[in-house]
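Here's the structure we're looking at; comments come further down.
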Amino acid sequence: MLKLFRITAILEGISYLLLFGFTMPLKYWANILEPNKVVGYIHGGLFIAYGLIALLFCWQYKWSIKRFLVLFAASLLPFGTFYADKKYLKDA
C-alpha cells in the first residue's frame with residue numbers, strides 16, 4: 001500500500017504542476033483548451049485517489065487525524081505532495 005501511495009502522491013504532484021504551470025497558461029493566454037481539459041480530468045482523478053489512499057493509509061497505520069490533515073493539505077499546495085512523500089512516506 002505504501003508503494004501505491006507514494007506513486008499516487010508523485011503523480012498527483014506532477015499533474016498539479018502540469019495543470020497550473022502549463023495547461024492553464026495555454027488555455028488563457030493561447031486559447032488552446034484541449035490540454036487543460038485532459039490534464040484537468042487526470043488531475044481530478046489523481047486528487048481523489050490521493051485523498052482516499054491517504055485516508056486508508058492513515059487508518060491502516062493508525063496515524064493521527066492531524067497527520068491525515070497534513071497529508072491532505074499537501075495535495076492542495078504546489079510541490080506539497082513531493083514534500084509529504086519525502087517527510088512522511090519515505091520512511092513509513
Side-chain angles (χ1 to χ4, degrees):
M1 179 122 177
L2 176 62
K3 187 174 183 176
L4 174 67
F5 191 21
R6 291 189 73 198
I7 290 170
T8 305
I10 297 302
L11 290 176
E12 198 277 336
I14 291 169
S15 72
Y16 188 108
L17 294 175
L18 282 174
L19 182 66
F20 291 103
F22 183 68
T23 64
M24 290 294 251
L26 283 177
K27 179 180 178 181
Y28 290 108
W29 295 341
N31 203 25
I32 302 172
L33 306 177
E34 297 309 315
N36 188 264
K37 191 173 189 177
V38 172
V39 174
Y41 281 130
I42 292 168
H43 173 68
L46 287 168
F47 175 79
I48 292 168
Y50 176 85
L52 290 174
I53 294 171
L55 186 63
L56 293 172
F57 192 81
C58 289
W59 181 63
Q60 180 181 6
Y61 285 87
K62 299 185 184 353
W63 283 359
S64 69
I65 189 73
K66 181 181 176 185
R67 187 168 283 191
F68 167 73
L69 292 174
V70 168
L71 290 172
F72 185 75
S75 70
L76 303 173
L77 302 170
F79 302 101
T81 57
F82 302 120
Y83 171 79
D85 178 58
K86 184 174 176 130
K87 176 88 174 170
Y88 296 102
L89 304 178
K90 190 173 183 179
D91 298 324

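Keep in mind it's a predicted model, so treat the numbers as computed, not measured.
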[atom1] of [X] to [atom2] of [Y]: how many Å apart, nearest 0.5 Å?
X: Ile7; Y: Ile53; atom1: CD1; atom2: CD1; value: 9.5 Å
X: Leu77; Y: Phe82; atom1: CG; atom2: CZ; value: 12.5 Å
X: Thr81; Y: Phe72; atom1: OG1; atom2: CZ; value: 12.5 Å
X: Ile65; Y: Trp63; atom1: CD1; atom2: CH2; value: 13.0 Å
X: Leu19; Y: Leu46; atom1: CG; atom2: CG; value: 11.0 Å
X: Lys87; Y: Arg67; atom1: NZ; atom2: CZ; value: 9.0 Å

Kindly say whether Leu76 contributes a backbone atom to a donor-acceptor pair with the side chain of Tyr16 at under 3.5 angstrom? yes
Any residue meeting side-chain hydrogen bond (donor to acceptor under 3.5 Å, both in side chains) with Ser75, in chain and number order, not counting sequence neighbours: none
Would you say [Y] ends up clustered with [X] if hydrophobic residues are merged whenever their side chains have heavy atoms under 4.5 Å apart, either directly or through other cluster members?
X: Ile42; Y: Ile48; result: no
X: Tyr88; Y: Met1; result: yes
X: Phe68; Y: Tyr61; result: no
X: Leu4; Y: Leu52; result: no
X: Tyr83; Y: Phe47; result: no

All heavy atoms of Lys90 vs all of Lys86, minimum pair found to be CB-O, 3.7 Å
Heavy-atom closest contact (Gly21 atom, Pro25 atom, distance): O-CG, 3.8 Å
Less than 4.5 Å apart, side chain to side chain, heavy atoms only: is that true for Leu17 and Phe22? no
Evaluate the side-chain proximity of Leu71 to Tyr50: yes if any heavy-atom separation is below 4.5 Å, no if none is. yes
Check the pair Leu2, Leu89 against side-chain contact (heavy atoms from CB on, under 4.5 Å), reporting the backbone distance first and the verdict last. CA-CA 7 Å; Leu2 176 62; Leu89 304 178; 4.2 Å; yes
Quick check on Tyr41: does its OH atom have over 12 non-hydrogen neighbours (other residues, nucleotides or ligands) under 6.0 Å away? no
Show your reasoning for whether side-chain contact (heavy atoms from CB on, under 4.5 Å) applies to Lys37 and Lys27. CA-CA 9 Å; Lys37 191 173 189 177; Lys27 179 180 178 181; over 6 Å; no
Classify the ring geometry between Phe5 and Phe57 as parallel (under 30°), tilted (30 to 60°) or perpendicular (over 60°). tilted
Qualifying residue, where the test is side chain to side chain contact (heavy atoms under 4.5 Å, CB included) with Leu18 and the options are Val39, Asn36, Val38: Val39
